[in-house]
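Remember, it's a predicted structure, so these values are computed and weren't measured experimentally.
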Amino acid sequence: MKWNSGRLWLKISVYTLLSAALLFVVALTLFFTRFDADSARRNLEHALDDSGRHLSINGNISPMLFPSPGLAISQIDITENDGKTPFAHIGRAEARLAWMALLFGRLEITHVALRDSKLTVLRQTDGQLNFSDLLRTRPSSKFQFSLDSLAVTGTQLEYQDRVNGQLLRLEDASLLADNLRADAQMQFGGRLQSAGRMVNLSLGAPFTRSDDQIDIPQFNATALSSSEELGEIRATASGKLQLNLATLLAQGQQLKVAVDTSKPVSHSEALIPVLSASLSELTTPAATLNGTVSYERTRYRFSSQLSQLQLNRDGLFAAATRNDFSWAVGKHSLNMALQAPLALSQFSQLKMAPLSLTARLKTPELPRGQLQAALNGQLEGDLPGSQLKLRVAGELDGAKLASTITQYGFMSPRHEATLSIGKLDLNRYLPEQKAEKAVALFQNATPLRLDWMDFVNLQARVTIGELAVGGFRVNSISADVKSTADSLQLDNLSADIYEGRLGGSAALYREKTPRLVLKQQLTGMQIRPLLQDLFDFNRIEGAGNGWVQLEAKGESLVALRNTLNGSVAVRLERGALTGIDLVAALRDLPGENSRWNGPVTAAPDQKTTFSALSAQFALSNGIARNQDMKLASSLVNVNGNGKFDLTQSIVDYTLSVQANPSAFAKLQGMSIPLKITGPINQPVYSLDFNAMVKGKKTEAEKQQALKKELGKQITTILP
């Protein structure tokens with residue numbers, strides 16, 4: 001027969017197909033003749049006896065033909081190693097066998113599919129997982145695994161952690177892996193439920209397997225979730241992994257984890273160059289964390305470097321961390337650098353101690369400088385309770401500072417604090433003034449910036465050893481501070497002020513037009529140094545009491561000054577009016593004295609002493625008016641009325657002086673009017689007696705003219 005004959009090739013093809021069909025029939029015959037369902041059930045149900053677990057098959061065991069022979073088993077239940085507690089339930093399991101191995105009598109499993117499984121994973125208090133005994137090498141059996149594909153669908157897994165009380169539930173999970181004996185591909189997906197939040201998970205990765213070693217050159221994982229506080233949450237992870245199934249150890253390289261949120265808009269990244277992991281511990285020599293958060297007008301940036309990071313059943317720990325944090329709202333910024341070891345015990349209790357913190361605050365409200373602090377202390381936190389507590393002590397711009405701050409919540413935090421400062425000199429931060437007096441502040445027309453209040457929710461107890469504004473000094477200050485987006489309030493305010501004591505309250509309300517309310521009482525204060533430092537006015541001496549109840553509205557300090565309304569009252573004892581000696585002036589009457597002819601500035605070496613002085617001022621739109629000033633002394637009594645115009649910084653005031661008849665018999669019954677005018681800080685006065693007696697030659701004529709005219713307002717005087 002010729003080899004190139006078409007009939008020959010046809011015969012060969014037919015015989016070959018018949019031989020293959022015969023072998024297929026023989027293999028199936030061998031498989032089915034040798035298959036014993038009862039024997040398979042008995043072998044499978046005793047497969048885990050050495051572990052103490054009980055495996056039961058409550059469904060059918062049946063052979064499969066296509067696309068390869070195999071077994072289908074339904075309703076499989078596996079207990080814990082106590083033989084009673086349920087561990088896993090598998091609705092249906094399918095195992096496919098290799099053809100060639102089957103022809104030689106070997107049961108080599110190449111394809112496995114599991115459907116509708118339920119599994120409970122438990123981490124005991126000693127850190128051991130409840131399935132670790134199943135991972136060890138088992139005694140030889142009739143079945144050998146040489147998987148080429150694995151399909152797990154419809155799986156529910158519940159994870160209970162008795163170390164930290166965490167409960168996770170994985171639903172509708174699927175795992176598909178193909179071509180496992182060459183360049184394999186794996187896909188995973190599912191829904192993870194934790195604390196009422198649902199997270200959609202997906203993972204894709206190529207991998208190769210050599211004996212017990214699995215190499216994943218590049219995996220990509222994604223987690224999607226949402227919450228009312230953060231909006232949409234997207235987490236991604238990528239990197240290279242090596243898994244050893246025999247030792248259950250893993251090595252990771254160039255790992256990157258990123259988290260993004262939509263409300264607020266945020267992005268954070270963790271970079272881990274090298275990672276070692278086992279079932280009980282994860283370690284890395286170094287890791288970095290960077291991120292940004294944008295919330296309304298606020299922007300946060302943070303960067304952290306962690307050394308000797310360790311993650312185990314007890315929590316997360318780092319031998320050292322270096323953290324940089326910045327916060328910005330418009331032109332306001334706060335930068336902090338923090339160094340400390342890190343301990344996150346049971347993944348819930350945070351502690352960073354000893355802690356070193358440096359901070360710098362820059363804002364247009366401090367045009368001459370910036371606040372800088374260097375502090376040491378510790379940070380503690382309860383993460384499930386969204387609570388942090390910081391205890392620090394150190395220096396604020398050279399002044400001693402100690403503080404305890406407790407934060408409740410992370411996205412819209414509320415703070416409670418105690419703050420103690422040795423000395424706070426505001427002159428370092430306020431605009432320079434030609435005359436550094438506190439009154440100069442109220443000449444500043446720069447609009448008040450109160451947008452920072454949007455991000456503050458604070459209740460604090462504040463104490464300050466000394467506060468300086470211009471030449472104004474207050475000591476031993478204490479107050480309860482409450483700050484919200486709508487108001488800044490100081491209650492139970494007290495301080496030592498110029499040898500006296502101050503008490504009361506102050507509040508700034510952030511309304512359409514900012515509103516300031518002051519309620520103060522001063523006891524035993526020295527009036528001259530107070531007025532000198534506040535208004536550069538030193539014409540009154542004495543110790544006494546004062547009452548202040550004021551309210552103002554305005555968008556700048558000068559606007560607040562110009563809208564001051566309310567009342568101020570004062571009572572002084574054993575004091576003096578400086579710059580003029582009214583007693584000496586009365587004694588000179590009605591003699592000729594050119595000194596009283598025209599304006600005269602106050603003479604610092606002259607004064608009029610008094611035993612008591614009282615006055616009450618009503619303020620309206622920055623102008624203080626008084627109608628009841630009374631000054632009493634052994635030689636003169638003085639009544640006064642007039643106004644102090646704070647908007648223009650001028651005074652227009654009248655004094656009516658009555659002499660004691662026993663000391664000034666010739667002035668009995670007379671009331672001498674004196675006028676106070678001019679700038680508040682540079683007063684002048686004039687007393688023109690010569691004009692009153694002009695044209696009168698004899699002493700009797702002059703006395704008669706004085707008696708006639710002294711009851712009228714004849715001149716001005718400003719002590």
Side-chain angles (χ1 to χ4, degrees), residues 20-21 23-51 53-80 83 86-121 131 134-135 138-158 170-181 184-190 209:
L23 289 174
F24 177 73
V25 172
V26 171
L28 290 179
T29 302
L30 289 173
F31 176 71
F32 282 106
T33 57
R34 293 186 177 184
F35 177 75
D36 184 346
D38 292 334
S39 177
R41 185 185 301 270
R42 287 192 300 270
N43 289 333
L44 289 173
E45 289 186 338
H46 291 286
L48 302 178
D49 286 349
D50 62 321
S51 66
R53 296 178 183 270
H54 178 64
L55 186 151
S56 60
I57 300 174
N58 302 310
N60 297 324
I61 300 179
S62 58
M64 296 183 297
L65 298 179
F66 300 100
S68 63
L71 296 177
I73 308 172
S74 60
Q75 305 304 319
I76 303 172
D77 292 292
I78 303 174
T79 70
E80 295 281 4
F87 167 68
H89 171 81
I90 302 173
R92 179 178 175 84
E94 297 179 1
R96 300 283 180 174
L97 303 176
W99 277 105
M100 294 303 295
L102 184 60
L103 292 175
F104 291 96
R106 299 195 312 270
L107 300 178
E108 184 178 306
I109 300 176
T110 59
H111 303 273
V112 172
L114 303 177
R115 300 176 186 173
D116 301 328
S117 302
K118 295 182 180 180
L119 182 68
T120 300
V121 176
F131 63 87
L134 298 177
L135 300 176
R138 311 210 64 78
S140 60
S141 65
K142 294 182 179 180
F143 293 95
Q144 297 179 0
F145 283 89
S146 183
L147 289 180
D148 187 58
S149 70
L150 175 66
V152 180
T153 58
T155 300
Q156 294 186 24
L157 185 149
E158 184 176 282
L170 183 64
E171 299 178 351
D172 198 22
S174 64
L175 174 65
L176 304 176
D178 294 318
N179 202 23
L180 293 176
R181 287 179 283 186
Q185 288 285 339
M186 178 178 62
Q187 296 292 330
F188 170 80
R209 177 179 176 181

Grab the two heavy atoms, one from [X] and one from [Y], that are nearest each other, plus how far apart they are.
X	Y	result
Phe188	Ala173	CE1-CB, 4.3 Å
Ser117	Ile90	OG-CG2, 3.7 Å
Leu180	Leu150	CD1-N, 4.2 Å

So do [Y] and [X] actually touch side chain to side chain, heavy atoms under 4.5 Å?
X	Y	result
Leu55	Ile76	yes
Thr79	Phe87	no
Thr110	Arg96	yes
Leu170	Thr155	no

State whether the number of non-hydrogen atoms from other residues, nucleotides or ligands found under 6.0 Å of His54 atom NE2 is greater than 12. no
Inspect the surroundings of CG in Asn179 and state if more than 12 heavy atoms from other residues, nucleotides or ligands are less than 6.0 Å away.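 Yes, the 6.0 Å shell around CG holds more than 12 heavy atoms from other groups.
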Kindly compute the distance separating [atom1] ([X]) from [atom2] ([Y]), expressed to the nearest 0.5 Å.
X	Y	atom1	atom2	answer
Ile78	Thr120	CD1	OG1	12.0 Å
His89	Asn58	NE2	CG	8.0 Å
Ser149	Asp178	OG	CG	6.0 Å

Under the side-chain contact (heavy atoms from CB on, under 4.5 Å) test, residues paired with Gln156 that sit two or more places apart: Lys118
By side-chain contact (heavy atoms from CB on, under 4.5 Å), which residues pair with Asp116, not counting sequence neighbours?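 Result, side-chain contact (heavy atoms from CB on, under 4.5 Å) vs Asp116: none returned.
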Glu94 and His111 side chains, donor-acceptor separation under 3.5 Å: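 Absent: no donor and acceptor within the cut-off.
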Quick one: does Ser74's side chain have a donor or acceptor within less than 3.5 Å of a partner on Arg92's backbone?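 Looks like no, no N/O pair under 3.5 Å.
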Given Met186 and Leu175, is the side-chain contact (heavy atoms from CB on, under 4.5 Å) satisfied, shown in steps? CA-CA 7 Å; Met186 178 178 62; Leu175 174 65; 3.6 Å; yes
